[in-house]
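The model shown is predicted, which means the values in this text are computed figures rather than measured ones.
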Amino acid sequence: MLKKGSKLNSILTGSCPKCQNESMYSDKNPLHLTKVLKMNEKCSHCGLKYQIEPSFFYGAMYVSYGLNVATGIAAFIVSFVFLKTTIEQSFLAIIITLIVLFPFVLRLSRNIYINMFVSYDPNAKK
């Protein structure tokens, strides 16, 4: 499932989408909130420049929106349908879930967005 060369591997690990040999982020831990979006300028293995064009990752906001909507719906269904909470408690569950998952959604949206434009190349070398 997560073998090298798959888009899913690059998306979930945050590795370079072209060679998948190193992390795109200078700090791999998304819970370091001050460094959650700090990215390396380019891949030291294949030379891929992550900021493909100026303001490239603004498009990741649309991906982030979709992920947050899906997460909010899932939180609502789990709390309201399965846990039988009130509507107010369910909306509180949505808010708490989105706050807790915020750094992960940020990185995941960037990973998905760059993988929409860059494909794996097994022969990628600097």
- Item | Side-chain heavy-atom pair Arg110, Met39 within 4.5 angstrom cut-off | yes
- Query: Out of curiosity, does Ile77 fall in the hydrophobic cluster containing Val69 (side-chain heavy atoms, cut-off under 4.5 Å, transitive links)?
  - Reply: yes
- Shortest non-hydrogen contact from His45 toward Glu22: N-OE1, 4.4 Å
- Answer with yes or no whether the hydrophobic clustering places Tyr25 together with Leu31; edges join I, L, V, M, F, W, Y residues whose side-chain heavy atoms lie under 4.5 Å apart. yes
- Item | Shortest non-hydrogen contact between Leu48 and Cys16, atoms and distance | CD2-SG, 3.9 Å
- Task: Could you tell me how the ring of Phe76 sits relative to the ring of Phe80: parallel (under 30°), tilted (30 to 60°) or perpendicular (over 60°)?
- Result: parallel
- Output the distance between atom CD (Gln20) and atom NZ (Lys7), rounded to the nearest 0.5 Å. 8.5 Å
- List the steps, then state whether side-chain contact (heavy atoms from CB on, under 4.5 Å) holds for Asn9 with Ser6. CA-CA 5 Å; Asn9 177 40; Ser6 70; 3.3 Å; yes
- Is there a donor-acceptor contact under 3.5 Å linking the side chains of Asn115 and Ser10? yes
- Has Phe102 got more than 12 heavy atoms of other residues, nucleotides or ligands less than 6.0 Å from its CZ? no
- Query: Looking only at heavy atoms, which two atoms of Cys19 and Lys4 are closest? And how far apart?
  - Reply: O-CE, 3.2 Å
- Message: Quick check on Tyr65: does its OH atom have over 12 non-hydrogen neighbours (other residues, nucleotides or ligands) under 6.0 Å away?
- Response: no
- Residue among Ile95, Ile96, Ile94 satisfying side chain to side chain contact (heavy atoms under 4.5 Å, CB included) with Leu98: Ile94
- Message: Is it the case that the side chains of Lys35 and Asn29 hold a donor-acceptor pair, with the cut-off being a distance below 3.5 Å and no angle test?
- Response: no
- Taking atom NZ of Lys49 as the centre, report whether more than 12 heavy atoms of other residues, nucleotides or ligands fall under 6.0 Å from it. no
- In terms of hydrophobic clusters joined by side-chain contacts under 4.5 Å, are Leu12 and Ile114 together? yes
- Hey, do the aromatic rings of Tyr113 and Phe56 have their centres closer than 6.0 Å? yes
- Message: I'd like to know if Leu83 and Leu92 are part of one continuous hydrophobic network [Ile/Leu/Val/Met/Phe/Trp/Tyr, side-chain heavy atoms within less than 4.5 Å].
- Response: no
- Query: For the residue pair Asn40 and Tyr50, what are the closest heavy atoms and their distance?
  - Reply: O-CD1, 3.1 Å
- Have Ser90 and Thr85 got a donor and an acceptor in their side chains that come within less than 3.5 Å? yes
- Query: Cluster question for you: counting only ILVMFWY and a side-chain heavy-atom cut-off of under 4.5 Å, with indirect links fine, are Ile99 and Val105 together?
  - Reply: no
- Task: Could you walk me through whether Tyr62 and Tyr58 pass the ring-ring contact (aromatic ring centres under 6.0 Å, His included) test, one step at a time?
- Result: CA-CA 8 Å; Tyr62 296 104; Tyr58 280 142; 10.0 Å; no
- Test log, rule side-chain contact (heavy atoms from CB on, under 4.5 Å), inputs Ile112 and Leu67: CA-CA 10 Å; Ile112 291 171; Leu67 290 174; 4.1 Å; yes
- First locate atom CG of Asn68, then atom CG of Leu106, and finally report the distance between them rounded to the nearest 0.5 Å. 8.0 Å
- Task: Indicate the atoms forming the closest heavy-atom contact of Pro17 with Met24, along with that distance.
- Result: CD-SD, 3.8 Å
- Message: Between Val36 and Arg107, is the side-chain contact (heavy atoms from CB on, under 4.5 Å) condition met? List the steps.
- Response: CA-CA 7 Å; Val36 72; Arg107 284 220 175 153; 4.1 Å; yes
- Query: Any side-chain heavy atom of Lys18 within less than 4.5 Å of one from Tyr120?
  - Reply: no
- Message: Looking at Ser64 and Ala60, would you say the former's side chain and the latter's main chain have a donor-acceptor pair under 3.5 Å?
- Response: no
